[in-house]
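Letters go in sequence order (proteins before strands), and every chain restarts at 1. Being a predicted model, the structure only gives us computed values, none of them experimental.
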Amino acid sequence: MIDVKFIRENPEKIKEICRKRNMECDVDRFNEEDLKFRKAKLKNDELNALKNRLNGKENAEKIKNIKKEIKENAEKMKDADEKRKKIWYKMPNLLSEKVPYGITDKDNAEIFRTEIKYPEFIPEMHDEIGKKLGILDMKKGAQVAGKGFYYWKGAGAILMQALINYGINFLIQKNFIPMFTPIMTIKDTLFGTGYHPFFEEESYKIENEKLYLIGTSEQTLIAYHMNETLREKDMPKLYTAYTPCFRTEAGAYGKENRGAFRVHQFNKVEQIAFTVPEESEKYHMMFLENVKEFIDSLRIPYRIVNVCSGDLGAPAYLKYDVEAWFPGFGDFRETHSASNMWDYQARRMNIKYLKNNKLIYPHTVNSTLVTDRLLLAIIENYQKKDGNIEIPEVLHTYTGGLKIIKQC
RNA sequence: GGAGACGUAGUCUAAUUGGUAAGGCGUCGGUCUUGAAAACCGAUGGGGUGAAGGCCCCAUGUGGGUUCGAGUCCCACCGUCUCCGCCA
């Protein structure tokens, strides 16, 4: 959510941002309704002031008439307020100057790339390898839950668990507070993090309940401090959590859906920060460095792209995607996404902190560290000519000594 | 699931039979001091309006209602605690 004063004073800037993001937002209409609201509010205040002055038994009749007028005026005020909020809540975040202009993900700007080592044999895709080794079962997943679900089995499950544990420990050592969060949540959480209304069709709603399945632990970790006032001395607040994540993937289509790339449920270790405004960029870069260090330790090639204005998503201020190299697939695929949300989420969530007795909205930063996709990348990158896969050295302490997965 | 109690600001705690939110702590500013502490003084939620001093409105979990007037009374919802029941 953007500061209402900023919208009033900079309507052209907001329009420019919407153009760059390739999205609609009626700033003029907002300002119209905002003006109506303020006018009605002024009248409302005056009537209330009058009522307060008259208070007393002798003025009972007069007050009743004023109250009637107040009620009528309040309707107008509420109406204008709702209309402006409807537009307001759908306004995207401000844009960092670093965001490149572009329409689709093809316009994302590559800013970093590691060296790719091509194998001397024709590599297979993870779903083929997983099937042959009996560690990834797409067919059973579809049988039990439908398309977009799968089983990790045996050594595959061990690897998934190992990667999650490695990720969590990696972040605990960097002073993140680990959490287990609810994986169902109320709508306020999704609104506050900007997933509603922007990606509303992406979330699963529980029938007959007011609950939704989370699409990421970012939602529940940010909402942990909903309606709270934090202390400046406690900043930054760093959290991590492992949770399953659920996404409908409505509207997703195309050939790039082969394998387990696009699924309805996956595992994720997330990094989250609440920072003072001056430091969000620093922590955003730190999160990206964490990801680099982590992938480097797994020895997987990757590149980093600066996500362009049209592909950024409305709530994000600046976003870097990390795309791991998938030899079997023969291309880079997004495995991580690190975003600076600026104060957008804090405003929507009503999270502030106290500085010199003034309430200031903190900035929030989030980034992936581990998902199933990273394991898919491991599988494709560590496949050997004989069909076996080696397990990255850093994971050995987490796999109970398992170092190689062989065909049986 | 049943019964009862409770929800006040950054935090802790007040508020006759309904009469318009009092304090403590913390924080910030100031006085004093070589500096600090202590002490003392002031400030310390949101919004609107004004060039400014200022003025006004809203805010006691949320939303309604009764009343000239609601923290207080009534209804619904959310949450917390206690007891009972049920299940691990």
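The distance between atom CZ of Arg8(A) and atom C1' of U49(B), rounded to the nearest whole Å, is 11 Å. One atom, CG of Asn52(A), and another, P of C58(B), lie 5 Å apart when rounded to the nearest Å. Atom CG of Leu354(A) and atom P of A43(B) are 18 Å apart (whole Å). As rounded to whole Å, 18 Å separates atom P of G47(B) from atom CG of Asn48(A). If you take CG of Leu50(A) and P of C57(B), they are 10 Å apart, rounded to a whole angstrom. As a whole-Å value, the separation of Asn350(A) CG from A9(B) P is 13 Å. Counting to the nearest Å, the C1' atom of U49(B) and the CG atom of Leu35(A) are 13 Å from each other. Note: NZ (Lys187(A)) to P (C78(B)) measures 18 Å, nearest angstrom.
Around NZ of Lys174(A), the count of heavy atoms belonging to other residues, nucleotides or ligands within 6.0 Å exceeds 12. Surrounding CZ of Arg113(A) are more than 12 heavy atoms belonging to other residues, nucleotides or ligands, all under 6.0 Å away.
If you take atom P in A9(B) and the same atom in G45(B), they sit 13 Å apart, rounded to whole Å. Taking the C1' atom of each, G79(B) and U60(B) are spaced 16 Å apart, rounded to whole Å. Of the C1' atoms belonging to C57(B) and G50(B), the separation is 15 Å, rounded to the nearest Å. Rounded to the nearest Å, the gap between the P atom of C41(B) and that of A59(B) is 32 Å. G26(B) and U11(B) have their C1' atoms separated by 7 Å, given to the nearest Å. For the C1' atoms, the distance from U13(B) to C84(B) is 32 Å, rounded to whole Å. Between C75(B) and U27(B), the two C1' atoms lie 41 Å apart (nearest whole Å). For the C1' atom pair drawn from U8(B) and U80(B), the interatomic distance equals 15 Å after rounding to whole Å.
Under the Watson-Crick and G-U wobble criteria, each requiring two contacts below 3.5 Å, nucleotide G1(B) is paired to C84(B). Remark: A37(B) base-pairs with no nucleotide in the shown strands. Criterion, Watson-Crick or G-U wobble with two distances under 3.5 Å. Both distances falling under 3.5 Å, in either a Watson-Crick or a G-U wobble arrangement, occur for no nucleotide opposite U60(B). Shown here, U66(B) forms no base pair; nothing in the strands shown gives a Watson-Crick or G-U wobble contact with both key distances under 3.5 Å. Pair assignment for U72(B): none, as no Watson-Crick or G-U wobble contacts are both less than 3.5 Å. Figure legend. G42(B) is base-paired to C28(B); pairs are counted as Watson-Crick or G-U wobble with both atom distances under 3.5 Å. When both pairing distances are held under 3.5 Å, C55(B) makes a Watson-Crick or G-U pair with G48(B). Look at C6(B): its Watson-Crick or wobble partner, with both distances under 3.5 angstrom, is G79(B).
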**Request:** For the pair Phe261(A) and Phe329(A), evaluate ring-ring contact (aromatic ring centres under 6.0 Å, His included) and give the outcome as yes or no after the intermediate values.
**Result:** CA-CA 11 Å; Phe261(A) 278 133; Phe329(A) 184 69; 5.2 Å; yes
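Distances shorter than 4.0 Å separate none of the side-chain N or O atoms of Arg38(A) from OP1 or OP2 on G47(B).
Among the nucleotides G47(B), G10(B), G65(B), the one closest to any side-chain atom of Lys41(A) is G47(B). In the set G45(B), G10(B), C57(B), G45(B) carries the atom at the smallest distance from any side-chain atom of Leu359(A). The side chain of Ala60(A) approaches C68(B) more closely than any other nucleotide in the set G45(B), C68(B), C57(B). Comparing G10(B), C57(B), G48(B) against the side chain of Arg231(A) picks out G10(B) as the nearest.
Aromatic ring centres of Tyr283(A) and His363(A): separated by at least 6.0 Å. Two rings, from His225(A) and Tyr239(A), have their centers less than 6.0 Å apart. Proximity of the aromatic rings of His264(A) and Phe246(A) is defined here by a centroid distance below 6.0 angstrom, and this criterion is not met. Ring centers of Phe30(A) and Phe37(A): at least 6.0 Å apart, outside the cut-off.
Applying the salt bridge (Lys or Arg N to Asp or Glu O under 4.0 Å) test to Glu128(A) and every residue at least two apart in sequence or in another chain returns nothing.
Position along RNA chain B of the nearest nucleotide to Thr229(A) versus Arg53(A) favours Thr229(A) as the more 5'-ward residue. The residue among Val4(A) and Lys71(A) whose nearest nucleotide of RNA chain B lies closer to the 5′ end is Val4(A).
In this structure, Lys233(A) reaches neither bases nor backbone, as no heavy-atom distance under 4.0 Å exists between it and the strands shown. Among the protein residues, Lys355(A) comes within range of no part of the nucleic acid, since none of its heavy atoms lies under 4.0 Å from any strand. Within the 4.0 angstrom heavy-atom criterion, no nucleotide atom of any strand lies near Lys78(A).
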